[in-house]
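In what follows, a single structure is set out as structure tokens and then discussed.
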Amino acid sequence: MSRVSSAQLKENLESIKERIRQAALRAGRNSEEITLLGVTKTVEPDIICQAYDLGLRDFGENRVQEFLRKADIIDRACRWHIIGRLQTNKVKYLDHRVSLIHSLDRMELAETLHARGEKIGRIWDVLVQVNVSGEETKTGVSPENLKDFVRNVAKLGNIHIKGLMTIAPYAENSEEVRWVFRELRNLAVDIQRESMDNINMEFLSMGMSNDFEVAIEEGANIVRVGSAIFGERVYLP
Ligand SMILES: *Cc1c(COP(=O)(O)O)cnc(C)c1O
């Protein structure tokens, strides 16, 4: 499990926020329109509470069971995001505490979410995950199929598409993946132009610990930052 001292956590958060401000400034943007999403996979609840008390409000988990375990015991008004590949058989556990799902990547998942939404009286806010880089190891809708995919999801009343998400390939130098972020924004602009029902492109979720500044320069308004806030993840067997 990841442990970070309180002092280190505070320092990390301040430093990330300052880097967000600087990146926004370079792009002529207002940093207040950018949400810092703390990625808390493997991070223990007490540390999540400390981060909350330091002002962080948005938290992302990539495993449904881990999200539920934490949401059950954390008595703070966290906004919870589901950011990782979502297995269809886990959808039945999702409830009203989920504020945004970042990883809609296939029709089967959309249909399952729609059915779950109907059952519990919930319209899910979701982002479509796009595999911009085309890496085989990454999930996500391909840019070519994106419009058709979005059109089909738009027919499902219990899902509102609120934007796009992508994960860039890892690069030592984040300049190398700038094109990925630029491409995601262009795709969002394209879709917005179609003005489809149930669809808007309010959010661009892109950028992680090693590339969030470039993502902000290219228009990200949600950055998903884990290790730069909470330290390196340690997975116990
Ligand atoms: C783990 C994860 C992150 C955060 O990664 P860091 O490099 O630790 O910032 C962001 N997005 C997704 C989808 C993740 O799974």
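Only a predicted model underlies this, so the values are computations on that prediction, with no experimental measurement involved. Whatever order the structure lists them in is the order used to number ligands and atoms, beginning at 1.
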Distance-only, no hydrogens or angles: does the Lys70 side chain make a donor-acceptor pair with backbone N or O of Thr40 under 3.5 Å?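 Pair found, side chain donor or acceptor close to backbone of Thr40.
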Using modelled atom types only, decide if a donor and an acceptor are shared between the side chain of Asn158 and the backbone of Arg122 within a distance under 3.5 Å.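 Pair found, side chain donor or acceptor close to backbone of Arg122.
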Return the orientation label for the Phe59 and Tyr52 ring planes: parallel under 30°, perpendicular over 60°, tilted otherwise.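 Rings of Phe59 and Tyr52: parallel, as their planes differ by under 30°.
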Could you check whether Ser227 and Arg233, counting side-chain N and O atoms only, form a donor-acceptor pair closer than 3.5 Å?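 Arg233 vs Ser227: no donor-acceptor pair found between side chains.
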Charged N to carboxylate O under 4.0 angstrom, Lys41 versus Glu61?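 No, this pair does not count.
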When you look for protein heavy atoms under 4.0 Å from ligand 1, which residues do they belong to?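 Residues Val39, Lys41, Ile83, Met165, Ile167, Met208, Ser209, Arg224, Val225, Gly226, Ser227, Arg233 each place a heavy atom under 4.0 Å from ligand 1, listed by chain and number.
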Enumerate donor-acceptor pairs with a distance under 3.5 Å from any side-chain N or O in residues 136-143 to protein atoms, sequence neighbours excluded.
residue	atom	partner	partner atom	Å
Lys138	NZ	Glu135	OE1	2.4
Ser142	OG	Glu144	OE1	3.4
Ser142	OG	Asn145	N	3.3
Ser142	OG	Asn145	ND2	3.2

